[in-house]
**Student:** 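Submitted below is the structure of interest, expressed as structure tokens.
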Amino acid sequence: MLDLFPDSTSVDGGQLSIGGVRASELEVAHGTPLVVLCEETIQARARALRQAVGDGRVFFGTKALPNVAVLRLLLSEGIGADVASSGELAFARNAGLGGGDLVVHGNNKAEVLLAEAASVGAPVVLDAPDEPALAAAAGVRQALVRVTLGVDADTHEAIRTGHHGSKFGLPPDQARAAVSEALDFGLDVMGVHVHVGSQLADFDAQAETIVRLAAFVASCRDELGWVARVADLGGGFGIRHHPADEVPEAAELAASAATTARLAFVEAGLPQPEIWLEPGRCLVGRAGITLYRVGSVKRLPERTWVAVDGGMSDNPRPQLYDARYTALSAARTDEPVDEVVSIAGMHCESGDVLIDDVMLPSPRRGDLLAVPATGAYTLAMASNYNGVPRPAAVLVRGGSARLIRRRETIEDLLRVEVE
Ligand code: LLP
């Protein structure tokens, strides 16, 4: 189970530590729920992914964790950002990213986002039939075209994107027309983009997509005399959230993607493309754990409920994607796990169950629970359901913790109310 935790995790005297800082000290200093991110783990994943793409480029899928300190840390590792809204763009700009560090996405980009992309000089991934015209009118100079190649990835249907009928991208004929139109508008069409889905546990769907992508680029060469310089293969590399999950390391999947693309382009008689990747989850997912405090414990004939001070407002993934997590009693790691329990959230909804069943040392009020592999798409999708302020986040390293997002307050929530 500790192999789901960040690289710097240790246990000593029953106490879990991340980055040399005890979970129980973090609880005292920052309260719960608390997202704890390990800087070393993010850095190691960043370096491994950069190595996997060789002379290609890596852009962080900002949607996985829009945080200025994390974006800045990744930038210092040579990683840019994929942004899909003005808000995400603002996070990236605040972290010091410039136009060349960015890729702008969205299946329905606001005109203001296109104008911002133009003003910072960021390439835009065209994703609708009229977007070449809109982008050109907004002053965008560089573009890619997102093509949807009809590959069904083996992942939850809500995070599948490369199938026919997807709301993302354009099917080959329309994508080719978009390339042609963008060229007519004088845009520098740098290349093509695909993203097959998220939380992919193997390379099959991406491999098939890449082969179809090379054929698509060859058809553009034949029909339009245009050749892509960039093959942006999107993100999607999965991570393990639960001890039963089997997922290869993202860097292995990324290296396979880059190699397959280079080969597929050569075989289609095309020049070598520059490979771009947009990983989100695999850069920050395993780096993060969430700490919760146990409140009520109800031992019913049907099951034992252990309620924590968060739930679907800080991690809606169990409800949205049937995601399975596990937990560790962070100040009792030396005690035998002797009870099977369900971890309930504190929200007014029966479906607010964080973990269906997990073995813990007989839980009691005041215990500290650590849920691993929660660095991606948790804080990013957090809500204020039940008027609950969103959690704080700290970055830990070498025995110290740095607050990188303060806990929301109830005053923050009231500030936007208009009477
Ligand atoms: N590039 C594009 C164009 C994307 O749409 C996404 C994710 C990524 C990159 C990054 O994908 P990643 O490497 O993180 O899988 N909320 C869902 C995940 C939604 C992913 C949306 N797009 C979840 O919690 O599983």
**Student:** Without hydrogens or angle criteria, can the side chains of H163 and D152 be said to hold a donor-acceptor pair below 3.5 Å?
**Tutor:**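 Not at all, the side chains of H163 and D152 share no donor-acceptor pair under 3.5 Å.
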**Student:** Test your reading of the model: is there a side-chain donor-acceptor pair from H156 to the backbone of A158, 3.5 Å cut-off?
**Tutor:** yes
**Student:** CD of E335: more than 12 outside heavy atoms within 6.0 angstrom?
**Tutor:** yes
**Student:** Measure from the side-chain N and O atoms of Q199 to the backbone N and O of I239, and report whether any donor-acceptor pair falls under 3.5 Å.
**Tutor:** yes
**Student:** Could you give the distance from CD (Q206) to CG (L277), rounded to the nearest 0.5 Å?
**Tutor:** 8.5 Å
**Student:** Hey, does W276 have a side-chain heavy atom less than 4.5 Å from the side chain of P123?
**Tutor:**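 P123 vs W276: side chains touch.
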**Student:** Suppose we screen for side-chain hydrogen bond (donor to acceptor under 3.5 Å, both in side chains). Which residues come up paired with S76, at least two apart in sequence or across chains?
**Tutor:** none
**Student:** Indicate yes or no for a side-chain donor-acceptor contact from T304 to the backbone of R299 under 3.5 Å, with no hydrogens or angles considered.
**Tutor:** no
**Student:** T32 and D309: side-chain donor and acceptor closer than 3.5 Å?
**Tutor:** yes
**Student:** Roughly how far, to the nearest 0.5 Å, is the CZ atom of R286 from the CZ atom of R45?
**Tutor:** 5.0 Å
**Student:** Can you confirm whether D101 sits close enough to L75 that some side-chain heavy atom of one is under 4.5 Å from a side-chain heavy atom of the other?
**Tutor:**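 Sidechains of L75 and D101: in contact.
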**Student:** About how many Å separate CE of M359 and CG of D338, when rounded to the nearest 0.5 Å?
**Tutor:** 7.0 Å
**Student:** Check this for me: E111, atom CD, are more than 12 non-hydrogen atoms of other residues, nucleotides or ligands nearer than 6.0 Å?
**Tutor:**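 Check fails, neighbour count at 12 or below.
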**Student:** Using modelled atom types only, decide if a donor and an acceptor are shared between the side chain of D245 and the backbone of H241 within a distance under 3.5 Å.
**Tutor:**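 Yes, because the side chain of D245 sits within donor-acceptor range (under 3.5 Å) of the backbone of H241.
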**Student:** Is there a donor-acceptor contact under 3.5 Å linking the side chains of D334 and Q15?
**Tutor:** no
**Student:** Without hydrogens or angle criteria, can the side chains of R397 and Q43 be said to hold a donor-acceptor pair below 3.5 Å?
**Tutor:** yes
**Student:** May I ask you to check whether H193 and H105 place their ring centers less than 6.0 Å from one another?
**Tutor:** yes
**Student:** Give a yes or no on this: more than 12 heavy atoms of other residues, nucleotides or ligands lie within 6.0 Å of atom CD1 of I410.
**Tutor:**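 Count not over threshold, so no.
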**Student:** State the CZ-OG distance between F237 and S198, to the nearest 0.5 angstrom.
**Tutor:**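 F237 CZ to S198 OG: 10.5 Å, rounded to 0.5 Å.
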**Student:** Do any N or O atoms from the side chain of D188 and from the backbone of R141 form a donor-acceptor pair under 3.5 angstrom?
**Tutor:** no
**Student:** If you measure from the Lys or Arg side-chain nitrogens to the Asp or Glu carboxylate oxygens, is any gap between K109 and E131 under 4.0 Å?
**Tutor:**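 Looking at E131 together with K109, the answer is yes, because their closest N to O distance falls below 4.0 Å.
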**Student:** Please list, chain by chain and in numerical order, all residues satisfying side-chain hydrogen bond (donor to acceptor under 3.5 Å, both in side chains) with T378, sequence neighbours excluded.
**Tutor:** none
**Student:** Is it the case that the side chain of T333 and the backbone of L16 share a donor-acceptor pair, with hydrogens and angles ignored and the cut-off at 3.5 Å?
**Tutor:**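 No, the answer is negative, given that no donor and acceptor are paired below the 3.5 Å cut-off.
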**Student:** Rounded to the nearest 0.5 Å, how far apart are CZ of R146 and CZ of F168?
**Tutor:**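 One gets 6.0 Å once the value is rounded to the nearest 0.5 Å.
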**Student:** Return the set of residues passing side-chain hydrogen bond (donor to acceptor under 3.5 Å, both in side chains) with N67 (not counting sequence neighbours), or none when no residue passes.
**Tutor:**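 Applying side-chain hydrogen bond (donor to acceptor under 3.5 Å, both in side chains) to N67 gives none.
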